[in-house]
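As structure tokens, the structure follows; a few thoughts come after it.
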Amino acid sequence: MDKPFSLILDLSRFLAALLVFFHHAEQHLKDPRLSALASFGHDAVIFFFILSGFVIAYVTEHKEKTLAGYATARLARLYSVTLPSLLLAYGLFEVGSRLLPGHYAIPDNLTWGETLLTSTFFLNRFLDYQEGIPTNAPYWSICYEAWYYVLFGAAFYLKGLQRLLVVAVAALVAGFNILLLMPIWLLGFACYRHQHRLPRSPLVGTLLVAGALGAYLWMRVTNFDDRLFIFTAHYFGGEQAINASLHFSKRFLPDFVIAVLFVTLFAGLHILRAQLWPVLSRAQKAIQKSASHTFALYLFHSPVLLFLAGYSDNSLLVMALCLAVAVAVGHVTEQQKPRLAALIGRWLAAPRSRSAATTA
């Protein structure tokens with residue numbers, strides 16, 4: 001994870017967040033001009049799963065040497081943004097549904113208390129529960145990622161019978177749908193662990209990048225990914241049945257293929273990082289600044305887009321205001337992460353301190 005490749009990853013995750021943003025902007029604004037970019041939204045989430053596994057491989061090797069350190073960092077990273085995003089979604093829904101009652105579709109039997117509670121503990125994709133946040137669809141992937149953190153942390157840091165029990169319980173709680181896409185996350189982990197085996201030839205790097213991008217674009221242009229989905233759905237009783245049973249994991253087969261192409265792209269960019277550095281370094285500060293707001297942009301944009309779209313049909317204005325809100329709120333939440341990490345660290349250390357005092 002040297003500086004050139006770190007910058008490549010920063011740029012990649014910011015662009016992926018923008019694609020998710022365009023995906024929901026098209027849904028809320030009904031603007032056909034956004035359709036071309038909006039169609040890449042789900043694939044961008046698959047990229048985030050790979051990137052998450054890649055980053056976890058790095059931090060567990062270089063930074064988070066203990067389970068307590070790992071848990072503190074993961075919880076602080078998640079809750080510094082997820083808690084404000086839940087409050088924002090709830091607040092805008094309550095205000096918006098009163099000011100713009102015709103603009104908000106209120107689900108039957110919606111209970112915000114239950115929704116906020118399950119979402120806080122990443123359980124709103126628990127087994128067959130599958131109750132998302134009405135105005136913040138992107139939250140589903142955070143629930144997947146949170147359980148990948150739990151499963152990996154238990155397998156990586158614990159030993160013996162304790163490891164088996166915790167992994168088994170976590171897997172049962174997470175459920176089949178979340179586990180189904182975990183190989184994609186683990187692919188990112190493996191990508192980091194084996195990057196040192198890559199050749200250093202710029203020609204090989206160029207071929208990998210060109211091949212991965214070419215295959216991906218061919219797959220999308222020819223709708224081969226949709227054909228793979230239809231093929232899979234046939235064995236689950238049809239598209240309606242697979243959607244009802246697997247929900248956001250229903251496209252697992254095309255998602256696996258796309259994940260392999262993204263990892264191939266990762267490998268090529270890693271080989272070419274020295275060649276790309278002179279160009280990327282000119283925009284280093286802008287890329288790093290933009291990337292620092294990626295998580296906030298990902299979780300804040302959907303409820304804000306929906307709220308603003310009720311007042312204006314000017315897509316550019318609504319999108320610009322939404323980005324401004326996401327950056328402003330994200331700046332505040334990022335500042336709270338160190339404080340939250342310190343608080344969580346003290347909370348996790350308290351039982352050990354009481355145990356040590358009792359033993360003494």
Side-chain angles (χ1 to χ4, degrees), residues 16-42 44-45 48 78-125 129-143 243-244 247-248 293-334 336:
L18 282 181
L19 290 174
V20 176
F21 171 74
F22 287 129
H23 177 78
H24 293 107
E26 184 208 30
Q27 290 182 349
H28 294 313
L29 297 168
K30 307 294 188 290
D31 190 336
R33 294 175 297 178
L34 301 173
S35 297
L37 291 173
S39 66
F40 295 97
H42 180 77
V45 177
F48 277 125
L78 286 170
Y79 282 129
S80 64
V81 179
T82 57
L83 291 179
S85 77
L86 292 174
L87 293 175
L88 181 68
Y90 171 67
L92 289 181
F93 182 89
E94 288 295 308
V95 174
S97 59
R98 285 170 171 76
L99 298 179
L100 305 162
H103 182 64
Y104 279 79
I106 302 178
D108 295 334
N109 303 319
L110 173 63
T111 305
W112 268 106
E114 179 181 315
T115 299
L116 293 174
L117 180 63
T118 55
S119 300
T120 297
F121 294 101
F122 311 107
L123 292 171
N124 58 357
R125 295 295 164 191
Y129 182 65
Q130 301 297 323
E131 293 295 333
I133 303 169
T135 60
N136 202 356
Y139 202 86
W140 74 267
S141 66
I142 305 303
C143 296
N243 183 58
H247 302 279
F248 287 104
H293 297 295
T294 297
F295 197 15
L297 172 60
Y298 185 83
L299 276 185
F300 294 151
H301 75 271
S302 190
V304 175
L305 275 172
L306 177 59
F307 182 81
L308 294 176
Y311 289 96
S312 174
D313 57 0
N314 186 322
S315 298
L316 290 178
L317 176 62
V318 169
M319 291 167 67
L321 288 174
C322 180
L323 288 173
V325 170
V327 169
V329 179
H331 179 72
V332 175
T333 59
E334 284 295 322
Q336 306 310 312

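Note that these values count all heavy atoms, side chains included, but never hydrogens, waters or copies made by symmetry.
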Nearest heavy atoms of Y104 and L306, plus distance in Å: CE2-CD2, 3.5 Å
More than 12 heavy atoms of other groups within 6.0 Å of Y311 OH: yes
Note, F300 side chain near V325 side chain (heavy atom, < 4.5 Å): no
Over 12 non-hydrogen atoms of neighbours within 6.0 angstrom of OH in Y90: no
Greater than 12 external heavy atoms within 6.0 Å of H103's NE2: yes
Check: I133 and F93 side chains under 4.5 Å, non-hydrogen atoms: no
Any donor-acceptor N/O pair, H247 side chain to A244 backbone, under 3.5 Å: yes
4.5 Å side-chain heavy-atom contact, H42 and H23: no
Nearest-0.5 Å distance, CZ of residue F22 to CZ of residue R33: 11.5 Å
The single option from L317, L297, L305, V327 passing side chain to side chain contact (heavy atoms under 4.5 Å, CB included) against C322: L305
Atom of A16, atom of A44 and distance for their closest heavy-atom approach: O-CB, 3.4 Å
F307 and L88, any side-chain heavy atoms less than 4.5 Å apart: no
Member of F48, F248, Y298 meeting the side chain to side chain contact (heavy atoms under 4.5 Å, CB included) criterion with S141: Y298
Donor-acceptor under 3.5 Å (N136 side chain, L299 main chain): yes
Minimum heavy-atom distance between V318 and A309, given as atom pair plus value: CG1-N, 4.2 Å
Straight-line distance of E26 CD to M319 CE, nearest 0.5 Å: 10.5 Å
Pair Y79 + F122: ring centers closer than 6.0 Å: yes
Nearest non-hydrogen partners of P84 and T333, listed with the distance: CG-CG2, 3.7 Å
Inter-residue atom distance F21.CZ - L34.CG, 0.5 Å rounding: 8.5 Å
From CA spacing to verdict: side-chain contact (heavy atoms from CB on, under 4.5 Å), V20, H301: CA-CA 9 Å; V20 176; H301 75 271; 3.8 Å; yes
L87 side, atom CG; L92 side, atom CG - distance, nearest 0.5 Å: 11.0 Å
For T294 against A17, the heavy-atom pair lying closest together: CG2-CB, 3.6 Å
Short side-chain to backbone donor-acceptor contact, S302 and T135, under 3.5 Å: yes
Distance-only polar pair, side chains of Q336 and S80, donor-acceptor under 3.5 Å: no
Flag, side chain of S119 to backbone of L116, donor-acceptor distance under 3.5 Å: no
From F295 atom CZ to L78 atom CG, the distance as rounded to the nearest 0.5 Å: 5.5 Å
Nearest non-hydrogen partners of K30 and Q27, listed with the distance: NZ-O, 2.5 Å
Heavy atoms from other residues, nucleotides or ligands near CG of N314 exceed 12 (cutoff 6.0 Å): yes
